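What follows is a short report on a single structure.
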Amino acid sequence: MLKIRTILTITMVATILVAAAVVTASAVASSKANQAERRLKTTTELLDTAFERTALRSDWLLFHNERTAAQWRKLHQQVKSLLLEAKQEFKAPPNQSKLELLLGEQPAVAGNFEKLEENWKAQQSGALDPAGAKRVEDQLVGEMTAKAQELVAFSKELAKESRLELSGAVRFGITWPVVLVVALALLVVADTLVIRFSVLRRLAVLLKGAEQVTAGNLDSRMDESGRGEVAELAHAFNDMAGSVKGKEILREGIRRVFSATLTEETENDIAGACLSLAVEITGAMFGFVGLVNERGLLDTKSLSEYGWKKCGIPESEAAGLIQNMELASFWGRVIKEGAPQLVNDPASDPDFIGTPDGHPSIESFLGVPLKDGGETVGIIALANREGGFRTEDLEDLQALGVALTEALNRRRAQDEVRIHSERLEDLVEERGAELGRTRDHLESLLSYASAPMIVWDSEFKVQRFNHAFERFTGYKVDEVVNGELGLLFPEETREESLGKIERTLSGEYWESVEIPILRKDGNIRVALWNSANIYDEDGDTIIATIAQGQDITERELAEKELKRALAELERSNSELQQFAYVASHDLQEPLRMVASYVQLLEKRYKGRLDEDADEFIGYAVDGANRMQRLINDLLALSRVATSKKEIKPTDATLALNLARANLDLLIKERNGVVTNDPLPTVSADEVQLVQLFQNLIANALIFRGEEPPRVHVSARQEGDEWVFSVRDNCIGFEPEHAERIFTIFQRLNPRSEYGGTGIGLAISKSIVERHGGKIWAESVPGEGSTFYFTLGGAAPLPPPESLVGEQGA
C-alpha cells in the first residue's frame, strides 16, 4: 500500500495536471468567448450600419441635400471596412465566398448612388423629363434595395452564428472547468479516504457545490474554513463561480441595455438602465453617466439614486441641474485623454480638487470613456467601491460603455427612422390627395376643355373624347367610343391620316400636324393636332394616345383669301412700277419740251412785249418747273415700297453725312447748321436712310423762321429699337396738324411763301414704314419742331468722340 506522502505526491501531480487542464479549458473557453463576442460585435455593427445606410438613402431621396449624401458615403466606407473585418473573423469557405461577393458588390452600390445623384441633377436642369427620371430612380433604388437586403440577411446569419458560438463558448467555459473540478474533487476524495476520513466530508460539500453550479445556481458557495488543499480549492471554486456569475450578469445586463432601446422612451432612461447595471456589477455606491455637448462641456444623463440623496437633489430635478459641467479632476481626465481612469487613492491624485459642499467624499473612482467612431462622446463614472475598484471592474465597465454607446446610437437611428417614416407617411398621404385632385382636375379639363380632345388605344379604337370634340364632329360619345378611328376621316385622306396615327405607336408624337376630319353631317373640317403617348407601368409600352386639336378651317380659307389678295397686290405693284416707268419717261419727255420752249420764249422775248406777257411767261416757266419736281417726287414715293435693295447693317452717321453733302448748297444758302450726336449702326436700306435724313433736314431749311436754321440729329435705344430725333428751330406748326403733315399734297403754308411739293414728309413716312418703324412729330409754333422715327438696331453705339459731326454755312 502506498504511503500517504506518495499518495499526496500523486495527488499533487494529479491536481497540478487537472488544474492545468482547468486553466487550459478556461483559456480556451475565454478565447472562444472573446472571439465570439468580437464576431458578434462586428456583425452587429455591420447590421446597424447597413440599416442606417439604407435610411440615409431614403432620406436623400426625400430631400436631395449634400450633407445626407456625404453621410451616406461615410457609412458606405464603414460597411466596406466592417465586411473586411468580418472576412478576417469568419474563415469558413462558405462565409469567405459570400463576404467576397458582398465586398465585390459595394462599388456597384456606390456607383448606383452616384447615378441617383446624376439622375436628380439631370432632372433639375431639364435634361431629363420627370417621368424618365422617375423610371431611372426606381430601377437604381430597386437594385440598391436588393443588395442591401442581401447584405442584411447575411449579416443576420453571421450574427446568429456568432450568438450560437458565444453560447457554446459560455457553456464550454462553465461545463469543462466544472467537470475538471469534479474530477479533481474525486481525486481528493480518493486521497482523503486513504489519509483522513474527515476530508471526505469536505469533498462531499465541494461536490454538492459543483453540482449546484452545473445546475445553473451561480450563487452557490463552498465553506472555505479549515486548512490545506481542500480549503484552497473551495476558495478557488468560489472565485470561479463568482467570476462566471459576474460575466453572466454582465452579458444579461448588456442584453437589458439593448432591450432598453425598445422599451425606454428617452436617452436618459437608457443611460439610467446602464448605470444601475454598472453599480450592481461593480458594487460601487454611486455614479453618473454624462455626454459631451456642443460646447465641449458635460450634460448629465443619469445619476444614481444614492448620489441624488447624498447631494440633496430631488430626483425629478437632478437631470436639469447638472448640465454644462466643466471637465475637471480625474473624471474630466477620462474625457480629455479618452482613456479609462482607475483611482483607488483620490487624495494623492495630482488632479484631485476635492468635492463641493454636500457631495459625498470620493474614496475610490472608476471612469471609462464612451467612444463613437474613435471620438470621446461621454463618460460612465463610478465611485466608492468597498476595498477599491479592480481590473475586472474596469473591463466590465468598458464592455458596458461599448453597449451603452451602441444602444444610444441605435435609439437615435430608430428615432430618425421613425421621424422619417412619419414624414414619409405624411408625404405619401399628401401626394395621394394631390394625385386625386390632379386626376379630378384632368378629368374636368379633358371633358370641358374648349379644344377638341380624343383618346385612342393601340388598336386604333376610340376610347373617349370631350364635349368640344362632340361639337367639332357632330357625333355623340356613344356613336364613336370603341369604334374605328377611320370613321372620322374623309375617304380621300383616310389612309394618309391612319398612317400618321400608326406612327404614334413607335413613340412619335405630333406637333401641329394637319389632319382633315369628316363631320357627321358630311362637311370636312381641318384641324391642327398635337399628341402625347400614354405608357404602361413599365414605362416602355404605349397603351394609348391623347390628341388635342385646333379648328383651322376658317384660317385656311383666310390664308387662301390672303394669297389671292397678295397676288392682287403684287399685280397692283407691278402696275405701279409700270406707271413709275411711264412717269419717268413718257410724261417727263413732253414736259421737258414744254419747259424748254417756254424758257426759250422767256429768254428771247422778255422785255420786248408788254408786262403782262412777261408775267404770263414767268408763270408758265414756274409751272413747268414745279410740274417736273412734282413728277420726280411722285416717282420717288412710288419707288420707296418697291425698292429691291437689301436692308442690312448701315452706319447712320455715314448716311447723315451723305445727306448733308447732298444739301450742302441749300445749307450754305440758308446759313444753316446741322449737328449730331453719336449715331448707331441700324438695319436699313442705305439709300433710303440718306433720303430720309435729307427730306427731314431740307424740311427744316425750307420752313425756316427769322433766325438761321439749326438742325440737330440724335438717337436713343429703347429695347431692340433706336429712336431717332431731328430737332429744328423752324416756324413749327399747331399740334392738331401733327398727323396731317405726313399726308401727300397736304400743306400748312402757301406755296408762294414756302416752296416744295408737299410730298417730302409722305416719302419719309413711307421709308420708315418700309423698315417696320413709325414716324411722328412734335412742335411748338414759332419755336421749332422735332421729328421722331424708329429703326431696328444692328450694333451698339460707337465711341462718342468718333462720330459727332457738324456742318454749317
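No experiment lies behind these values; they were computed from the predicted model shown.
Residue Ala700 comes nearest to Cys730 through the heavy atom pair O-CB, 4.0 Å, listed as atom of the first residue, atom of the second, then distance. A pairwise comparison of heavy atoms in Ser785 and Ser779 identifies OG-OG, 2.8 Å as the closest pair.
Under the 3.5 Å distance criterion, the side-chain polar atoms of Arg525 are left unmatched by any main-chain donor or acceptor of Leu518. Counting only distance, with no hydrogens or angles, the side chain of Thr790 and the backbone of Lys774 share a donor-acceptor pair below 3.5 Å. In this structure a side-chain-to-backbone donor-acceptor pair under 3.5 Å is present from Asn729 to Pro708. Between the side chain of Ser766 and the backbone N or O of Ala762 there is no donor-acceptor pair closer than 3.5 Å. No side-chain donor-acceptor contact under 3.5 Å links Asp685 to the backbone of Ile647. Side-chain atoms of Thr650 never come within 3.5 Å of backbone atoms of Ala652 as a donor-acceptor pair (strictly under, hydrogens ignored). At distances below 3.5 Å, at least one donor-acceptor pair connects side-chain atoms of Ser531 with backbone N or O atoms of Trp510. Side-chain atoms of Arg727 do not come within 3.5 Å of backbone N or O of His712 as any donor-acceptor pair.
Residues Asn695 and Gln691 meet the side-chain proximity criterion, which asks for heavy atoms closer than 4.5 Å. Considering only heavy atoms from C-beta on, Phe703 stays 4.5 Å or farther from Asp728 through its side chain. Side-chain atoms of Phe724 and Leu791, non-hydrogen and from C-beta on, do get closer than 4.5 Å to each other. Side-chain contact between Ile775 and Ile767: absent, with no pair of heavy atoms (C-beta onward) separated by less than 4.5 Å. Contact check for Asn662 versus Val690: side-chain heavy atoms found under the 4.5 Å cut-off. Contact of the Ser764 side chain with the Phe693 side chain is not registered, since no non-hydrogen atoms from C-beta on lie closer than 4.5 Å.
With hydrogens and angles left out, the side-chain atoms of Arg471 and Asn466 include no donor and acceptor closer than 3.5 Å. Counting only N and O atoms by type, the side chains of Thr786 and Ser725 include no donor and acceptor under 3.5 Å apart. Between Asn533 and Thr545, the side chains place a donor N or O and an acceptor N or O closer than 3.5 Å (distance only, hydrogens not considered).
At a threshold of 4.0 Å, the pair Lys668-Asp664 counts as salt-bridged, since one of the basic side-chain nitrogens sits closer than that to a carboxylate oxygen.
The structure places NE2 of His771 at 10.0 Å from CZ of Phe789, a figure rounded to the nearest 0.5 Å. The CG atom of Leu701 sits 6.0 Å away from the CD1 atom of Ile667 when rounded to the nearest 0.5 Å. Here Trp722 contributes atom CH2 and Arg716 contributes atom CZ; the two are 11.0 Å apart, rounded to the nearest 0.5 Å.
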Could you walk me through whether Lys500 and Glu496 pass the salt bridge (Lys or Arg N to Asp or Glu O under 4.0 Å) test, one step at a time? CA-CA 7 Å; Lys500 293 178 180 179; Glu496 179 185 356; 3.7 Å; yes

side-chain contact (heavy atoms from CB on, under 4.5 Å) between Glu492 and Ile524: does it pass, once the steps are laid out? CA-CA 11 Å; Glu492 57 271 19; Ile524 296 176; 3.7 Å; yes

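A tilted orientation is assigned to the rings of Trp529 and Phe469, their planes being inclined by 30° to 60°. Classification of the His64-Trp60 ring pair by plane angle, with boundaries at 30° and 60°, yields perpendicular.
Around the CD atom of Glu502, the shell of radius 6.0 Å holds no more than 12 heavy atoms that belong to other residues, nucleotides or ligands.
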